[in-house]
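A quick write-up on the structure given underneath.
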Amino acid sequence: MILSDSAKLQISQTATRYPKVRSAILPALHVAYEEHGYLSDQMYEEIAQVLGVKFIEVAEAASFYTMFPKAKRGKYLIQVCRNISCALLGSHHLTTYLLDKLNVGLGEITADGLFTVVEAECLGSCTTAPMMQVNAHYYENLTVEKVDRLIEEFRSQK
Amino acid sequence: METKLLSQFVGDPQQHSIERAIEHGAYQAWQKVLKEIAPADLIQIVKDSGLRGRGGAGFPTGMKWGFVPKETLKPKYLCCNADESEPGTCKDRVLLEGDPHAVVEGMMIASYAIDCHTAFFYIRGEYDVGQVRMSKAIDDAYAKGFLGKNILGSGYDLDIVVHRGGGAYICGEETALLSSLEGDKGLARLKPPFPAVEGLYNCPTIINNVETLANLPHIVMKGAQWFAGLGTEKSKGTRIFSVSGHVKNPGNYELELGYSLRDLVYGLAGGILDDKPLKAIIPGGSSTPLLLPDKIDTKLDFESVAAAGSMLGSGAVIVIHEETCIVWVAEILAHFYMHESCGKCTPCRQGTGWMYEILRRIEAGHGKMEDIDTLLDIADNIEGNTICPLGDAAAVPVISTVKLFRDEYVYHIEHGKCKVRSQFRLRVK
Amino acid sequence: MSDFNITVNGQQVPVTKGQTVLQASLAAGIDIPVFCWHAQLVPVGACRICLVEIEKLPKLQVACATIASEGMIVHTDSPKTIKARQGVLEFILAHHPLDCPTCDKGGECDLQNLTFKYGLDYSRQHEPKHRVIVDANSTFDDLLIGPEIIRNQNRCIHCYRCTRIVDEIAFEDDLGAYQRGYHTEILPPPGREIRNLYSGNVVEYCPVGALTNDDWRYKVRVWLTKQTNVICPHCPDGCNLKLWTFHNKLFRATSNANENIDNGFLCDIGRYGYRYVASADRIKRPMVRRAGELVETGWEEALTFIKKQTDDIKSKLSGSGFFGFIGDIRTNEEIYAFQRLLRRVIGSNNIDHRFHRRRRLTPGEEVISRGIESDNAEYKDIENADVIIVLGSDLHSENPITSLRVKRAVKRHNAKVILLNPLPTPLGKRTATVEVIYKQGTAAVLLHSLIDAMVDLNQFDASAVKLSAADIADFRKANAAYSGVKGSEITGVDVSLVARVAEMLAAAQNVFILAGSYIERDPLRDSLHLAVANLQSFCKSARKIFLPPDSNSVGAAFLGAEPTVLPGRQSWAKKAVCEDLWHGPISDAPGKDTIGILEAIDEDEIECGFVFNADPVRLFPDGEYVRSVMEKLKLLVVIDSFMTDTARFADVILPLSTFAEIEGTRVNWEKRMQYSQRAIPPLHESKPGCQIIELLADRLGVRFNQPNPADVYQEMAKFLPTGAPTIYAGIGKDGFLIRSVAANKPGKLADLRFVAPAIDTEYRFFLLVGNADHHRGALTERNETLMKFTSEPFVGISEADATDLAVSDGDLVKVESKYGRVVGKAMILRDFPSRRVLLPENFGEMSTNVLMGRQDKIDLVRLAKM
């Protein structure tokens with residue numbers, strides 16, 4: 001058992017809100033991701049059992065969406081928006097700046113386990129470009145100074 | 001110049017609380033609807049108001065509601081489409097975070113109009129604050145008796161379920177949204193049947209955009225005639241425009257429909273960044289054709305933008321200045337559509353990737369002259385031939401950039417590099 | 001029949017309302033290319049190759065999903081359409097490997113064919129082709145995704161036929177599409193294989209070489225092969241197969257789609273079933289027992305041996321000292337000729353084809369007088385039913401294609417499926433609306449409780465039921481001990497569950513009852529048949545089918561393979577017809593059935609037997625007894641393709657050709673007679689059945705001059721109902737339905753005669769015999785392909801019993817009864833009820849009948865860990 005009892009309870013409660021339980025697959029995947037920071041076949045299986053849906057339905061759905069990765073990530077998952085509004089204001093530079101600063105490749109985990117940098121498509125923060133999402137939070141109107149400060153903050157919080 | 005109808009209170013940091021929202025008039029329209037207005041009359045009011053969908057296609061809202069079959073035993077569903085993902089667009093987020101109760105109230109009114117008793121709020125998974133605030137707003141609305149069973153003694157029941165997406169642009173397309181809401185992959189479905197007849201769980205379903213719904217309380221309170229008085233002859237009301245890219249003051253601005261692009265870009269948004277010359281504007285999100293500077297006086301309403309050769313779309317105005325390589329712009333957008341294609345139908349699945357690969361090659365300096373015509377032909381083979389509009393959307397930036405900036409493509413291929421510098425660096429401060 | 005016309009390419013095309021543009025056009029002979037569309041699948045419009053131009057519509061439309069409407073003007077070859085079609089082909093080919101020379105699909109590939117027809121002869125694609133690399137050290141990107149299926153993702157064109165077949169048709173979940181966009185990948189779920197019973201269909205309907213079969217792979221090029229159309233010999237569903245041969249070798253079987261029956265889908269048993277034909281275990285030459293050993297010999301020697309021995313016995317015992325058994329998988333012609341040999345040449349009416357049952361082989365008077373037998377019903381009637389009862393049948397394993405029809409009824413119009421079984425079956429959860437598990441041997445009581453509950457609901461349609469209130473009241477009174485709580489105590493089925501099923505039945509408009517092997521093999525079979533007929537009386541428009549055990553059981557019963565009935569189910573009074581046709585007298589001595597025959601051997605009244613492709617030693621439910629009896633025979637002639645358990649007792653074995661080596665007709669459960677072609681000449685020194693029978697008859701004194709099935713058929717056809725084709729050429733694709741005239745006589749309700757099975761404290765487990773996954777009957781154990789799915793027998797037990805006995809999966813377990821014991825590896829079955837043991841009957845190394853006693857009503861065993 002990987003998912004906690006409270007996670008399973010949350011999943012089964014969510015399911016009652018939908019006319020058909022299959023609809024609760026995405027919410028369940030969110031619950032599992034929030035608890036573990038990644039997903040696994042075992043979690044799919046447990047979700048399928050809690051909801052009474054087929055394993056394959058969970059596995060197929062999870063593979064389609066970007067928010068349910070199977071790979072483990074750093075404690076801080078930095079997603080840099082690469083789309084047009086951000087790109088026009090230097091997001092590509094932001095990505096390379098972060099990779100250089102953290103000495104890590106795209107999608108990899110830093111040696112201290114703290115950071116993973118990935119590129120993301122438009123995150124809906126176009127008027128405050130360039131931006132990045134770190135875990136659930138948006139950091140907008142980024143500059144070199146601001147990024148430096150943020151990284152320091154994350155490091156100090158560990 | 002701004003007409004702050006929907007965004008009147010979004011600047012108030014406490015507007016997301018139900019107390020403050022009620023102070024500002026929230027849920028009055030809902031109570032009025034429950035007490036005074038029959039569903040059929042409500043649909044008529046919205047028809048009369050001339051309200052058109054704010055998601056991108058601009059379909060008349062009241063007419064859409066009218067497609068829901070009356071004589072059916074099936075339940076009917078409303079879905080609020082808050083899967084805002086069109087590059088350049090962040091106007092719904094303003095409402096979700098700044099005035100969630102307006103959206104909740106809009107959902108209530110629309111649900112009532114179509115006789116829906118379970119409504120779904122589908123929000124893109126990445127919108128964390130929006131999701132938290134909307135969930136809280138809905139919980140608070142239940143606590144106040146605005147949702148639930150026998151609302152305010154009216155005999156009408158309504159539940160709203162918040163559903164987070166999993167990260168997929170395609171789910172903003174209404175049939176893919178329904179697939180996703182059913183727990184499936186976000187695959188677009190064939191139309192017909194249209195969702196209004198056969199949508200969620202094969203039941204009649206209306207999908208309305210956040211901003212569309214947020215207009216409803218105002219229409220109910222002030223009347224169809226009042227709303228119809230805003231905007232132009234065929235484009236009523238206001239729009240929240242997200243102005244991004246190379247402008248001095250990027251931001252969301254709510255304007256009555258009918259102001260010009262110049263008013264927005266040079267007025268409210270303060271003009272072009274670093275006072276560089278304007279190169280092009282994408283007026284309605286990444287899926288709309290570019291406009292050249294000579295179209296700067298185009299009026300911002302559905303018809304005028306269409307006449308200028310583009311679309312009002314999602315109201316995302318992306319401003320591009322002179323020092324931008326247009327091939328690079330096309331490459332970025334092509335990458336996006338390749339990444340977001342659901343993979344169900346052939347032209348989109350294969351074509352988006354192919355266009356991206358050609359654009360990447362040209363941008364990298366290895367283009368061939370025939371690539372330009374190949375690009376146009378691929379785009380032509382995608383456009384109109386796919387299940388959902390994503391394919392068409394992917395074709396648009398390619399066709400539009402080649403048409404307007406063919407010389408840049410030619411230069412790129414001939415010289416193996418950009419005609420203009422396109423390295424945008426992160427500002428230090 | 002058409003409702004209106006549309007115009008396609010200037011041609012008037014008739015349309016039945018609801019048809020798509022594609023369906024109407026194809027029916028009118030107008031070709032529109034397709035990849036993702038399949039007649040039996042819900043259209044998804046994914047591939048876009050069928051885009052057509054429809055006037056007044058701004059965009060091209062997919063013909064596969066566009067419903068034709070009156071006045072539509074369609075163009076399938078306009079410049080706009082052709083450009084779009086070429087565009088789609090170009091998109092598909094952009095990353096499709098050009099490996100046709102090494103691709104098994106080459107020659108029968110939709111993509112290859114359409115590219116030749118519509119495609120461009122050059123490529124504008126300069127980017128490197130995408131590859132999904134399976135093994136970095138290999139240039140091939142093949143991945144084995146199941147016991148028999150290989151995937152090459154590079155060739156996949158994302159038509160999703162495979163995943164849709166698995167989901168929509170088979171109701172299975174072992175193949176899916178993962179990721180998105182170009183990266184969409186077809187795979188079984190993580191950690192699993194594609195191995196459902198219908199898995200081979202995904203290969204057959206893959207329009208390209210993305211999914212290929214191990215059995216066919218790299219062996220022969222499709223254009224070199226010859227195809228013959230045969231009828232599957234593995235179960236009574238009667239699917240139509242196409243056998244692909246090259247130089248008289250079989251290379252594969254595919255569907256020869258028949259909408260009456262299989263809709264173009266096969267189960268894996270049917271698809272890979274042909275592989276037993278070329279098994280190395282085949283009996284290659286005649287064999288004769290000399291000094292206790294069976295040794296190979298020639299045909300002439302064997303026949304001479306038989307002639308001499310039979311003469312001796314005949315002089316002593318006359319014809320009644322002989323018997324004949326024939327297997328239900330033989331053709332009508334062989335069955336007919338065999339019983340003629342027995343009756344006319346040998347002078348014995350001791351003939352049977354039923355070995356699975358321990359008593360009441362011939363229906364009792366009440367069953368006969370009421371005309372209780374399968375109704376005249378077809379596959380399409382299942383599809384049209386709104387409630388389908390599956391009673392005492394592992395329908396999934398025993399009648400896989402009938403199962404697909406049940407699933408189709410669920411898919412197409414939400415038919416309700418009620419499973420009433422002594423054990424959970426694989427048809428299970430997704431298909432069934434309710435799954436009721438009754439205690440072994442109590443099905444009749446359960447059916448009675450159901451009727452009683454329906455009467456309680458008072459919802460049945462009294463006028464449709466055709467029973468008076470008094471009839472019903474009497475009936476209830478007489479059978480009160482089997483109703484409600486009392487019934488529930490006997491059956492172990494909750495009263496509320498019975499009530500729920502009763503409600504569903506009461507509301508049904510069109511009921512179909514499929515009764516299977518657990519009913520047919522039950523010692524109380526007659527009572528059960530009466531109970532089924534009772535239930536039928538209370539259901540609206542109900543039809544019932546008692547599913548026959550084997551592929552041609554219906555034919556065997558119809559063509560005289562039972563002792564007291566002459567061909568055409570003629571009574572003895574009509575024997576003059578036979579004598580006339582057979583040029584001589586037939587015996588009036590009443591024939592014995594299987595049980596009578598075995599007893600007569602035991603009492604030395606019978607000394608010689610001809611066993612034609614039958615294996616009573618393996619099947620008769622008392623292994624010890626049947627073995628002891630066989631040993632007593634003076635002469636046992638076995639005509640078979642393999643060394644069966646019965647053949648080991650033989651004095652002479654004549655090598656018999658298999659289904660692929662003979663032509664002939666078979667009758668499926670619908671009573672549909674179909675013609676099966678010969679695919680290859682007889683292997684080794686085997687001979688087709690009709691030829692062997694002619695040789696025997698000739699040697700034993702009567703020459704019929706009918707060595708070929710076609711000759712036999714012409715005579716046999718005289719016993720078929722009026723209108724039946726008189727020669728093979730007259731049998732069309734639809735075959736011929738041998739409708740029953742006796743079926744469905746309305747009558748009073750039959751009282752239940754139920755005897756509760758004795759409970760034994762020592763032998764606490766009910767023995768249930770069934771099929772292992774991908775096996776059916778004994779032929780499959782000689783099939784290399786099917787053995788990949790399940791290779792050995794097992795002892796299936798519940799999780800609770802496993803815990804009780806401290807047994808884990810794979811542990812050796814001893815199963816013992818009063819009569820014998822078997823040992824096998826434990827297999828713990830999820831959701832399996834406790835106190836039951838499931839043994840497969842498909843493997844020679846575990847003969848389940850040694851655990852059974854012919855006097856018992858129920859089989860009880862005990863279990864112990866070894």
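Chain identifiers are assigned alphabetically (A, B, ...) following the order of the sequence lines, protein sequences preceding nucleic acid strands; residue numbering begins at 1 within each chain. Computed from a predicted structure; not experimentally measured.
Here the NE2 atom belonging to B:H339 is positioned 12.5 Å from the SG atom belonging to A:C122, to the nearest 0.5 angstrom. One distance of note links CG of B:N252 with OG1 of A:T127; it measures 4.5 Å at 0.5 Å rounding. Rounded to the nearest 0.5 Å, atoms NZ (B:K429) and OG1 (A:T143) are 9.5 Å apart. In this structure, the separation between NE2 on A:H30 and NE2 on B:H163 is 7.0 Å, given to the nearest 0.5 Å. How far CG of B:D184 is from CD of A:E60: 7.0 Å, rounded to the nearest 0.5 Å. How far CG of B:N202 is from NZ of A:K20: 6.5 Å, rounded to the nearest 0.5 Å.
Residue contact with chain A, scored on non-hydrogen atoms closer than 4.5 Å, is absent for B:H321. At a 4.5 Å heavy-atom cutoff, the contact between B:Y127 and chain A is made by backbone and side-chain atoms alike. Looking at B:L181, both its backbone and its side chain come within 4.5 Å of chain A, counting heavy atoms on both sides. Of the atoms belonging to A:Y138, it is side-chain heavy atoms, and not backbone ones, that fall under 4.5 Å from chain B. With a 4.5 angstrom heavy-atom cutoff, B:I160 touches chain A only via backbone atoms. Interface remark: B:V162 contributes backbone atoms only to the contact with chain A (heavy atom separation under 4.5 Å). Heavy atoms closer than 4.5 Å to chain A are found in the backbone of B:V243, but not in its side chain. For chain A, the nearby part of B:V319 is the backbone; its heavy atoms alone come within less than 4.5 Å. Within the 4.5 angstrom heavy-atom criterion, only side-chain atoms of B:I318, from C-beta onward, approach chain A. Heavy atoms closer than 4.5 Å to chain A are found in the side chain of B:E340, but not in its backbone. Heavy atoms closer than 4.5 Å to chain A are found in the side chain of B:C171, but not in its backbone. Proximity to chain A is absent for every atom of B:L200, based on heavy atoms less than 4.5 angstrom apart. Only the side chain of B:R93 comes within less than 4.5 Å of a heavy atom in chain A; its backbone stays farther off.
In this structure, B:G245 and A:L89 approach most closely via the heavy-atom pair O-CD1, 3.8 Å. Pairing each heavy atom of B:Y77 with each of A:P19, the nearest pair is OH-CG, 3.5 Å. Counting all heavy atoms, side chain and backbone alike, B:T324 lies closest to A:L88 at CG2-CD2, 3.7 Å. Contact between A:Y65 and B:S180 at its shortest, heavy atoms only, is OH-OG, 2.9 Å. In terms of heavy atoms, A:C126 sits closest to B:C90 at N-SG, 3.7 Å. When all heavy atoms of A:I84 and B:I332 are compared, the pair lying nearest together is N-CG2, 3.8 Å.
Open room surrounds CG on A:N103; 12 or fewer heavy atoms of other groups in view lie less than 6.0 Å from it. When the shell of 6.0 Å around NZ of B:K74 is examined, it contains more than 12 heavy atoms from other residues, nucleotides or ligands.
The candidate from B:K91, B:E84, B:R425 with the greatest count of non-hydrogen atom pairs under 4.5 Å with chain A is B:R425. Of the listed residues (A:H137, A:E121, A:E145, A:Q133), the one with the most heavy-atom contacts under 4.5 Å to chain B is A:E121. Taking chain A as the reference chain and counting heavy-atom pairs below 4.5 Å, the highest number among B:R427, B:H246, B:R164 is found for B:R164. Listed options B:G343, B:G165, B:S85 were ranked by heavy-atom pairs under 4.5 angstrom with chain A; first place goes to B:G165. No other option in B:C342, B:G183, B:P250, B:G251 has as many heavy-atom pairs under 4.5 Å with chain A as B:G183. Comparing A:S63, A:A87, A:A61, A:A62 by how many heavy-atom pairs each has under 4.5 Å with chain B, the most go to A:A87. Counting heavy-atom pairs closer than 4.5 Å to chain A, the top residue among B:L426, B:V329, B:D128 is B:L426. The greatest number of non-hydrogen atom pairs below 4.5 Å with chain A, out of B:P75, B:S244, B:A269, is found for B:S244.
Taking 4.5 Å as the limit, every side-chain heavy atom of A:Q79 sits out of range of all side-chain heavy atoms of B:E126. Looking at heavy atoms from C-beta onward, A:N83 lies out of side-chain contact with B:Y169 at the 4.5 angstrom threshold. Two residues are said to be in side-chain contact when any heavy atoms from C-beta on lie closer than 4.5 Å; B:E182 and A:R22 fail this criterion.
Using a 4.5 Å cut-off between non-hydrogen atoms, no part of residues 3-14 of chain A approaches chain B.
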